[in-house]
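Values reported hereafter were calculated over all heavy atoms of this structure, with side chains retained and with hydrogens, waters and symmetry mates removed.
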Amino acid sequence: MQFDTPATTNPIDRMKVVGQPILRIDGELKTTGHAMYAYEWHDTNTPYAYGYPLGAAIAKGRIKSIDVAAAKRAPGVLAVVTTLDVGKREKGKFNTVNLFGGDQVQHYHQAIAVVVAEGFEQARAAAALIKVEYAEEPGVFDLHHAMDSAVKPESGDPDSKAGDFDAAFKAAPVTLDESYATPDQSHAMMEPHASIAVWDGDELTVWTSSQMIDWWRSDLATTLGVDKEKIHLMSPFIGGGFGGKLFLRADAVLAAFAARTAKRPVKVALPRPLVINNTTHRPATVQRVRIGAGRDGKITAIAHESWSGDQKGGQPEAAVMQTRLLYAGENRLTAMRLATLDLPEGNAMRAPGEAPGLMALEIAMDEMAEKLGMDPVAFRILNDTQVDPEKTERSYSHRNLNGCLELGAQRFGWSARGRPGARREGNWLIGMGVAAAFRNNIHFPSGARVRLNADGIVTVETDMTDIGTGSYTIIAQTAAEMIGLSIDRVAVQLGDSRFPVSAGSGGQFGANCSTSGVYAACVKLREAISQKLGFNSEDAVFENGTVRSGNRVVALGEAAGPGGVVGEDTIEWGKLTETHQQSTFGAHFVEVGVDAATGESRIRRMLAVCAAGRILNPVTARSQVIGAMTMGAGGALSEELAVDTRRGFFVNHDLAGYEVAVHADIPHQEVVFMDETDPMSSPMKAKGIGELGLCGVSAAIANAIFNATGVRVRHYPITLDKLIGGLPSVA
């Protein structure tokens, strides 16, 4: 199906199933422990062995030798495979560095060996016996020191200009010029990267934890040097990804090599230090924001520049992208510069670009409002735009940022906000903060196959994944709505490379794209059923488990017959994304308390108002947003990968040292969805929501802390040591 004209009235608009607060259909499997995650997959007749990976002990250099003799003699050991054994390998399309193979070390904890044993503990103990001799080379590990060597990336769209920023900024009566910094951050998902590999001749089956089945399968085939069609990859349940499982990782590669060498099915899970140092992370940024405005508060000049680092061949953290689109202003400039660092690979983490970018921009907007003597909400509303500010001939498909800000201010009691440091309850200084939320609406092709059997049951097959987001449920809702069934008459099978290729999970595109693919397949199924019955598919009505045309009504099971009926299709996207800017919007409001003596910060309440097209399921959507708000709290107050700038690794590489938000950090959270649809987005008239809920949260917390204390912190996380020096003047 080609989606190239705005959606008109279609079966989804009935919203008998779609849009309803249906509980997760996979919830019982998960809460009872019957959902099989990657490492848990088990066949009682299969003699699984266990692989334990060894990571490089240097950050840059060459491996001179690897002595595995002692490891091979250790109890229970079946095989040892080293990076020297497999030799240099072609790198996958989506990988910045080599996952395994060859003698080069590109970052600390890069996989250099895997030990296979009868038991996990045996494999781990034997791995400690491996002796490696390195030729270490000096590396670059500090973004701040590498900024002078940062260059304009060769690919992508790193710079943009409109008007004459320099002249307009110089002429503006009110200006802001500040720098902000965000640290390296870890996905810190609950489930580690894990895989099981089984060879049958030259055919490989892999159970793994992957957000993007087809990407992984293609890159695994490239790395192993085998035919992609010989690989069967499955990932039916995923215990969190946040972008960290978008791309093939070392666990799958190690498991495949280990299983082939040991001639046994092998399980490999990355230990937590390797999850953090061996896989990807959100890169640190240094950002400069400049804003010029008239006395009336209208922005006349805005510039956002960002510096980040990655391995050679990597990409910058796209922290300026939202600034190109979020606020009006005739004269504009954005730029991204990339430094080559020898740290572990930087790559996508939930809301890449906008999440760290808004951490800077939305503080700058508050600082500018303060300079103007304006209310921060009013300042943002005043500078709204209904067109792409850099391409004014291009309007938004639908934009209601102002509605989010206005409703949020009303619901949150924003009018009670006072001047900085003015409100106190005992030892607590109380403040409120706001930030806009923005995330682009991304499209990827997505396919599905839908089967109707003689029992009147519809089964959906697609390689779409569920990373805890509710994919199973919203896909079932889509099929139920399209075929006129209750949701209990729909079975959903996901995460299997034998199924049609979907958009996968990431970039908050998964829900809208995958359900649109199911929609397209269901259109084909409706046509096939109608044709079989001699109905005109345009006139056929599917409802209550039947299909009706005129006076004739046929039960779906009867229509399917013994052989069943199948529909399959892929949603393809036309030029609507080019002719109209498609984005999602929101507003985050936060109230904090800061201890006047110690600088301890506590979030008291949070509100998110989101405008993201049709909400397919308010229960799963709300879960996405409150999870994102929680991640934003961690990003504001505690999350930071500490870099050892001498040795080139993340020191706090476990969940004890990398401090994510916990229950005690999170108070009452409220989520409000604007009642809207966007017919230009898809036949579902929906958009993504999961990453919008994160964008702007950390800045809203930072702005609330300033309102509470009068202390402005521009370097995240906002820890008490950055506050305490300024507290006596307001305490």
Side-chain angles (χ1 to χ4, degrees), residues 143-144 176 178-186 188 282 284-289 319 349 351 355-367 369-370 376 417 420-421 423-424 427-437 588-606 628-643 652 657-662 664-667 669 694-731:
L143 173 62
H144 293 270
L176 171 83
E178 293 289 354
S179 292
Y180 307 84
T182 64
D184 296 287
Q185 295 178 338
S186 172
R282 193 197 300 283
T285 68
V286 175
Q287 303 176 50
R288 181 189 184 191
V289 181
M349 179 171 159
L358 285 165
M359 289 171 79
L361 176 64
E362 286 300 292
I363 292 182
M365 288 294 288
D366 255 47
E367 294 197 74
E370 181 190 356
R417 176 182 178 270
R423 183 180 167 196
R424 185 163 181 166
N427 214 39
W428 293 95
L429 300 165
I430 311 301
M432 293 185 190
V434 66
H588 290 287
F589 292 82
V590 176
E591 182 179 86
V592 303
V594 180
D595 189 287
T598 68
E600 176 190 358
S601 299
R602 288 285 179 182
I603 300 172
R604 291 160 59 103
R605 56 192 179 101
M606 307 175 79
M629 293 162 74
T630 302
M631 184 174 276
L637 300 177
S638 65
E639 291 190 40
E640 177 180 19
L641 285 172
V643 181
N652 52 337
Y658 184 79
E659 297 177 352
V660 299
V662 297
D665 298 316
I666 305 303
Q669 294 172 315
L694 169 61
C695 297
V697 173
S698 296
I701 295 168
N703 291 334
I705 289 173
F706 171 76
N707 182 242
T709 65
V711 181
R712 179 65 73 181
V713 180
R714 301 183 182 91
H715 295 176
Y716 294 92
I718 306 172
T719 47
L720 58 86
D721 57 298
K722 298 171 185 174
L723 287 171
I724 198 164
L727 291 177
S729 61
V730 298

- Message: Treating Tyr658 as the side-chain partner and Glu639 as the backbone partner, does any N or O pair qualify as donor plus acceptor under 3.5 Å?
- Response: no
- Item | Side-chain (Lys722) to main-chain (Val711) donor-acceptor, under 3.5 angstrom | no
- Item | Minimal non-hydrogen separation, Asp184 against Ala284, with atom names | OD1-N, 3.0 Å
- Main-chain N/O of Glu640 paired with Asn652 side-chain donor or acceptor, under 3.5 Å: yes
- Item | N/O donor-acceptor pair under 3.5 Å between Ser638 side chain and Glu659 backbone | yes
- Enter the distance from Met349:CE to Met631:CE here, rounded to the nearest 0.5 Å. 4.5 Å
- Salt bridge flag under 4.0 Å for residues Arg602 and Asp665: yes
- Task: Nearest 0.5 Å please: distance from the CG atom of Asp595 over to the CG atom of Leu429.
- Result: 8.0 Å
- Message: Give me the atom names and distance for the closest heavy-atom approach of Val590 to Val592.
- Response: CG1-CG1, 3.7 Å
- Which heavy atom in Ile430 sits nearest to a heavy atom in Gly593, and how many Å separate them? CD1-CA, 4.0 Å
- Message: Can you confirm whether Asp366 sits close enough to Pro376 that some side-chain heavy atom of one is under 4.5 Å from a side-chain heavy atom of the other?
- Response: yes
- Query: With distance as the sole test, does Thr285 use its side chain to make a donor-acceptor pair with the main-chain N or O of Ala181 at under 3.5 Å?
  - Reply: no
- Task: For Asn703 and Val434, work out which heavy atoms get closest and say how close.
- Result: ND2-O, 3.0 Å
- Should Arg417 and Glu591 count as an ion pair when the cut-off is N to O under 4.0 Å? no
- Is Arg714 salt-bridged to Glu178, cutoff N-O under 4.0 Å? yes
- Task: Verify, without hydrogens or angle tests, whether His588 (side chain) and Cys695 (backbone) share a donor-acceptor contact under 3.5 angstrom.
- Result: yes
- Item | N/O donor-acceptor pair under 3.5 Å between Gln287 side chain and Pro356 backbone | yes
- Task: Quick one: do Leu723 and Ser601 satisfy side chain to side chain contact (heavy atoms under 4.5 Å, CB included)? Show the steps, please.
- Result: CA-CA 9 Å; Leu723 287 171; Ser601 299; 3.5 Å; yes
- Task: Answer yes or no: is there a donor N or O on one side and an acceptor on the other, between the side chain of Asn707 and the main chain of Gly433, under 3.5 Å?
- Result: no
- Query: Which atom pair, heavy atoms only, marks the closest approach of Ile603 to Pro667?
  - Reply: O-CG, 3.3 Å
- Task: Specify the closest pair of heavy atoms between Thr182 and Tyr716, including all atoms of both residues, with the distance to one decimal.
- Result: CG2-CD1, 3.9 Å
